[in-house]
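Notes follow once the structure below has been shown.
Hydrogens, waters and symmetry mates are skipped; everything else that's a heavy atom, side chains included, is used. A, B, ... follow the sequence lines: proteins, then strands. Residue 1 opens every chain. These numbers were taken from a predicted model, which means no experiment stands behind them.
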Protein chains: 2
Amino acid sequence: MNIGQASRETGVSIKMIRYYEQTGLIPPVARNQAGYRHYSENDLHRLRFIRRARDLGFSIKHIAILLSLWQNHDRENAQVRDIANQHISGLQNRITEMEAMITTLQKLVDECAGQDRPECPILTDLEH
Amino acid sequence: MNIGQASRETGVSIKMIRYYEQTGLIPPVARNQAGYRHYSENDLHRLRFIRRARDLGFSIKHIAILLSLWQNHDRENAQVRDIANQHISGLQNRITEMEAMITTLQKLVDECAGQDRPECPILTDLEH
DNA sequence: CTTGACCCTCCCATGATGGGAGACCTTATC
DNA sequence: GATAAGGTCTCCCATCATGGGAGGGTCAAG
């Protein structure tokens, strides 16, 4: 199967498939005589794995680790859980930060809307 | 005041101050004969504005608009509110996405921890 | 044999930030 | 006045994941 169809099957863009190969996240795939990449069912499997992990917000570095654990039968499941828990914590921290931003912003917007003064409380806050 | 002290006063790194000038977010500042940048109280004011807006998560593009509204006395406060509301929506959308990721991940981690089978539900999910 | 769809590599761009090299300036100390 | 330390200048490179596009080769159907 050529790269275009592999892309359609897995939901990973052609650009990203080549990028993953180039950066070593996936091993080089087979080529035909013209140099076209050729994807086996196994290759597609790996791409779907990556796609799913990206959808869950894992970084490429974490995905690299997950891929190696995936194919290492000596792994401890706890290692996988560690990666996942680490990722969950990262997400939660970012959410906490963003919620704090929203709280501040919403208060400023409310103040700004609730009055007809010429100066805008949002800008006044930023100025400070 | 030189750039180093301006950086310390405003909390904006030297690198970023120069970058903001280079990309036009702030106008070029005065220079002494040796070419050293020199910052007035007004310049510091602008930098603090930017710093605060960055802390609230505004993109540079949004900050550029906010800066121009800040100095435009004909502006409508509603314009400023629009930018802020737009930003709040963006943050909320990202939070929603991340919360969905956390929900999925947490479920997988719980399943993985609650059993002693050799296969890991997290990897099994990613595989799928 | 032509046409259109596909594929290849290589280069560039994003957004915000930092690192570092090599050169110049300033200030304080001896 | 010399020297050392530290501040500043510009220019280039890297990040992370992703996309755009140029210029050229390939393949299959008509």
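Rounded to whole angstrom, the span from the OH atom of B/Tyr19 across to the P atom of C/dT17 amounts to 8 Å. Whole-Å rounding puts the B/Arg94 CZ to C/dG15 C1' distance at 12 Å. Rounded to an integer number of Å, the gap from A/Gln22 CD to C/dC7 C1' is 16 Å. Rounded to an integer number of Å, the gap from B/Arg51 CZ to C/dA16 P is 15 Å. In this structure, B/Tyr39 places its OH atom 11 Å from C1' of D/dT8, rounding to the nearest Å. Here D/dG21 presents its P atom at 15 Å from CD1 of A/Ile14, a figure rounded to the nearest Å. To the nearest angstrom, P of C/dA16 lies 17 Å from CD1 of B/Ile17. Protein atom CZ of B/Arg8 is 13 Å distant from nucleotide atom P of D/dG6, rounded to whole Å.
Listed nucleotides D/dA17, C/dT26, D/dC12 differ in distance to B/Asn32; the shortest reach to its side chain belongs to C/dT26. Nearest nucleotide to the A/Met16 side chain, out of D/dT18, C/dT17, D/dT10: D/dT18. The side chain of B/Ala34 lies closest to C/dC25 when the candidates are C/dC25, C/dC7, C/dT17. Closest to the A/Asn2 side chain, of the nucleotides C/dA16, C/dC8, C/dC7, is C/dC7. In this structure, of C/dG15, C/dA16, D/dT18, it is C/dA16 that holds the atom nearest to the side chain of B/Ser59.
Dashed line: the shortest gap from a side-chain N or O of A/Tyr20 to OP1 or OP2 of D/dT18 is under 4.0 Å. In terms of phosphate contacts, A/Ser13 brings a side-chain nitrogen or oxygen within less than 4.0 Å of OP1 or OP2 of D/dG19.
Among the atoms of the strands shown, only primed sugar atoms or phosphate atoms (P, OP1, OP2) are found under 4.0 Å from some heavy atom of A/Arg37. Contacts of A/Arg18 with the nucleic acid, taken as non-hydrogen atoms under 4.0 Å apart, include base atoms.
One N or O on the side chain of B/His38 and one on the backbone of B/Met1 form a donor-acceptor pair closer than 3.5 Å. Of the possible polar contacts, none joining the B/Asn72 side chain to the B/Ser68 backbone as a donor-acceptor pair under 3.5 Å is found.
Salt bridge present: A/Arg46 and A/Asp43 bring a charged side-chain N and a carboxylate O closer than 4.0 Å.
Looking only at atom types and distance, the side chain of A/Glu97 has no donor-acceptor partner in the side chain of A/Asn93 under 3.5 Å away. Using a 3.5 Å distance cut-off with no hydrogens or angles, the side chains of B/Asp110 and B/Gln106 do pair a donor with an acceptor.
A donor-acceptor contact under 3.5 Å is not formed by the side chain of A/Tyr36 with the base of D/dC27. The base of C/dG19 lies close enough to the side chain of B/Lys15 for a donor and an acceptor atom to sit less than 3.5 Å apart.
When each of B/Ile3 and A/Phe58 is assigned the nucleotide of DNA chain D with its nearest heavy atom, B/Ile3 is the one assigned upstream, toward the 5' end.
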